[in-house]
Amino acid sequence: MKIAFFSAKSYDIEYFNKFNKGFNHELRFFETRLNERTANLIQDEKAVCVFVNDKVSKPTLEILHQKDVKLIALRCAGFNNVDLKLANDLGIKVVRVPAYSPYAVAEHTVALILTLNRKTHKAFNRVRESNFSLEKIVGVDLHGKTVGVIGTGKIGAIFCKIMLGFGCKVIAYDLYPDEKLKKLGIEYEPIDQIFEQSQIISLHCPLTPETHHIIDEEAISKMQKGVMIVNTSRGALVDTTAVLAGLKSRKIGNLAIDVYEQEEALFFQDLSGEILEDEEITRLLTFPNVLITAHQSFFTHEALEQIATTTLQNVLDFENEAELVNEIKI
Ligand code: NAI
């Protein structure tokens with residue numbers, strides 16, 4: 001089947017071409033994001049493949065429909081960027097990759113916590129400059145600390161187990177508590193208890209209308225002074241303005257984010273020669289206790305292989321009119 005890829009990076013092209021050998025789809029790659037202006041690049045492709053920051057909203061979907069596109073294949077797990085109802089009304093199916101190495105995201109979350117806590121990023125630079133001082137890089141033992149996890153699905157569950165291995169007390173909030181995690185010693189609590197009791201709070205729930213700005217001014221007001229907030233899930237779970245105020249007031253002791261509310265205009269691009277227009281990220285970058293990575297939690301070989309093979313299989317299933325096991329239904 002012919003597939004038009006948007007937001008294609010070198011690694012997408014490499015992995016999809018490599019794993020397409022067994023599928024024989026016809027792949028066309030576009031570097032640009034999919035939106036109402038770029039949708040016109042589509043010629044006779046019946047499937048489009050998009051990533052997290054391609055906005056598949058009404059105007060874009062209408063053009064896709066005019067172009068007779070029948071399938072949107074998300075090469076990611078989250079689907080908050082697609083107007084599912086309209087896609088359904090227009091008869092366009094939407095498939096995704098529900099799991100691609102949840103270990104990758106959980107492990108990156110831990111990497112952020114360890115880096116921010118023990119300031120290895122600062123130590124690395126210091127030592128390279130022959131500065132062997134330990135001033136201002138003291139951390140804390142994670143052992144014995146309380147970690148609050150919001151969302152204990154595939155990624156959150158792995159993250160919980162890793163933190164148990166560190167000797168942390170792990171408490172969690174989820175709409176559907178996981179009995180297996182409970183047996184391992186994870187205690188499910190109401191969300192306010194997570195805010196009040198945790199020294200580290202990590203977000204692993206999807207972005208939905210209910211979870212939008214789940215970390216806002218009110219939530220922060222309930223947290224312990226010096227709390228570490230970690231977000232490797234979706235940017236808009238966190239109200240950036242409220243978090244900036246929390247950092248300035250010293251209520252928030254550390255912030256690690258791999259996702260950012262306004263990341264669409266920034267992430268996955270080299271803007272090192274540009275003047276950043278986004279006032280909030282530029283302010284965040286000035287804090288010594290803020291660590292930002294640019295949506296790289298998923299970025300391991302295993303995950304890229306899984307993303308490519310599952311996406312190509314999703315398209316093949318559609319072509320063969322087989323059951324779409326990874327269809328997102330509304
Ligand atoms: P999952 O679907 O396995 O787990 C999500 C969990 O969140 C479920 O247990 C669900 O019950 C829970 N949940 C849903 N609504 C909730 C609410 N209102 N309050 C509390 N919990 C709620 O998803 P998975 O695979 O663990 O991924 C989680 C999120 O991680 C994704 O939605 C995506 O946004 C993000 N992600 C980020 C990546 C990155 O590179 N930074 C890569 C992959 C996923």
Side-chain angles (χ1 to χ4, degrees), residues 7 9 11-12 50-54 74-82 84 94 96-113 148-163 170-182 186 188-195 198 201-216 219 229-238 256-261 263-264 266-268 291-308 310-311 325-329:
S7 302
K9 301 289 178 196
Y11 43 86
D12 294 312
V50 297
F51 195 49
V52 289
N53 288 327
D54 293 289
L74 290 159
R75 52 180 189 279
C76 54
F79 46 85
N80 51 287
N81 52 332
V82 182
L84 291 176
V94 184
R96 65 173 180 145
V97 185
Y100 44 93
S101 183
Y103 301 100
V105 183
E107 289 169 12
H108 188 74
T109 308
V110 179
L112 291 177
I113 293 171
V149 182
I150 299 179
T152 54
K154 289 178 285 297
I155 295 168
I158 293 165
F159 174 73
C160 285
K161 290 177 200 162
I162 298 173
M163 297 322 287
V170 182
I171 58 175
Y173 170 73
D174 195 301
L175 302 178
Y176 305 97
D178 179 334
E179 293 304 320
K180 280 188 255 153
L181 286 180
K182 278 191 191 171
I186 310 294
Y188 281 88
E189 304 272 7
I191 193 150
D192 280 355
Q193 289 300 312
I194 304 291
F195 296 147
S198 309
I201 296 174
S202 194
L203 304 173
H204 299 287
C205 57
L207 176 62
T208 63
E210 293 75 42
T211 61
H212 182 263
H213 285 186
I214 198 166
I215 304 297
D216 60 5
I229 299 174
V230 190
N231 185 11
T232 57
S233 196
R234 281 293 179 269
L237 295 176
V238 168
I257 53 173
D258 182 55
V259 286
Y260 171 60
E261 217 177 342
E263 71 177 52
E264 261 176 68
L266 301 166
F267 286 9
F268 307 115
L291 181 60
I292 305 177
T293 53
H295 211 133
Q296 70 169 83
S297 295
F298 74 100
F299 206 49
T300 64
H301 288 296
E302 290 82 355
L304 288 171
E305 178 176 342
Q306 186 74 47
I307 288 169
T310 306
T311 304
V325 283
N326 295 321
E327 182 177 3
I328 309 166
K329 294 190 177 139

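For ligands, and for the atoms within them, numbers begin at 1 and follow the listed sequence. What you see below is based on every heavy atom in this structure, not just the backbone, and it leaves out hydrogens, waters and symmetry mates. For the single chain, residues carry numbers from 1 onward in sequence order.
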Distance-only N or O hit between ligand 1 and K154, under 3.5 Å: yes
Protein contact of atom 34 (O) of ligand 1 - nearest heavy atom, named by residue and atom, plus distance: R234 CG, 3.2 Å
Atom 44 (C) of ligand 1: nearest protein contact (heavy atom, Å): I155 CD1, 3.6 Å
I214-ligand 1 polar pair, N/O distance under 3.5 Å: no
Atom indices of ligand 1 within 4.0 angstrom of T232 heavy atoms, with elements: 37 (C), 38 (C), 39 (C), 41 (N)
Main-chain N/O of R234 paired to N231 side chain as donor or acceptor, under 3.5 Å: yes
Nearest protein heavy atom with distance in Å, relative to atom 22 (C) of ligand 1: C205 CB, 3.8 Å
Interatomic spacing from CG in L74 to CG in N80 - rounded to 0.5 Å: 9.5 Å
Non-hydrogen atoms of P177 and K182 that approach each other most closely: CB-CE, 4.0 Å
Ligand 1 atoms in contact with H295 (distance to a heavy atom under 4.0 Å): 39 (C), 40 (O), 41 (N)
Per-atom contacts, ligand 1 versus Y176 - under 4.0 Å to a heavy atom: 11 (O)
Sub-4.0 Å atoms of ligand 1 with respect to non-hydrogen atoms of H204: 5 (C), 28 (C)
Shortest non-hydrogen contact from G153 toward D174: N-OD2, 4.0 Å
Set of side-chain contact (heavy atoms from CB on, under 4.5 Å) partners for C205, sequence neighbours left out: I150, T211, L237
Whether T208 lies under 4.0 Å from ligand 1, heavy atom: no
Contact check, S233 vs ligand 1, heavy-atom distance below 4.0 Å: yes
side-chain contact (heavy atoms from CB on, under 4.5 Å) partner of I292, the single match among V259, L112, I257, L266: I257
Ligand 1-proximal atoms of H108, by part, heavy-atom distance under 4.0 Å: neither
Validation row, ring centre F298 to ring centre F51 under 6.0 Å: yes
Within-shell test, L175 vs ligand 1, heavy atom, strictly < 4.0 Å: yes
Check: D174 N/O within less than 3.5 Å of ligand 1 N/O: yes
Ligand 1 atoms in contact with Y173 (distance to a heavy atom under 4.0 Å): 19 (N), 20 (C)
Parallel, tilted or perpendicular: ring planes of Y11 versus F299, cut at 30 and 60 degrees: perpendicular
Sub-4.0 Å heavy-atom approach of G78 to ligand 1: no
Top protein contact for atom 14 (C) of ligand 1, by heavy-atom distance: P206 CD, 3.4 Å
R75 and its side-chain contact (heavy atoms from CB on, under 4.5 Å) partner, picked from V52, L304, T310, I307: I307
Subset of ligand 1 atoms that lie under 4.0 Å from at least one heavy atom of T152: 9 (O)
Nearest-neighbour protein heavy atom for atom 18 (N) of ligand 1, which is reported as residue plus atom name and distance: T211 CG2, 3.2 Å
Check against side-chain contact (heavy atoms from CB on, under 4.5 Å), T152 and F159: CA-CA 8 Å; T152 54; F159 174 73; over 6 Å; no
Side-chain donor-acceptor contact under 3.5 Å, D258 with Q296: no
Atom 4 (O) of ligand 1 [closest protein heavy-atom partner, distance rounded to 0.1 Å]: G153 CA, 3.2 Å
Residue-ligand contact Y100/ligand 1, heavy atom below 4.0 Å: yes
Shortest non-hydrogen contact between I194 and E189, atoms and distance: CD1-CB, 4.1 Å
D216 to A219 - nearest heavy-atom pair and separation: OD1-N, 2.9 Å
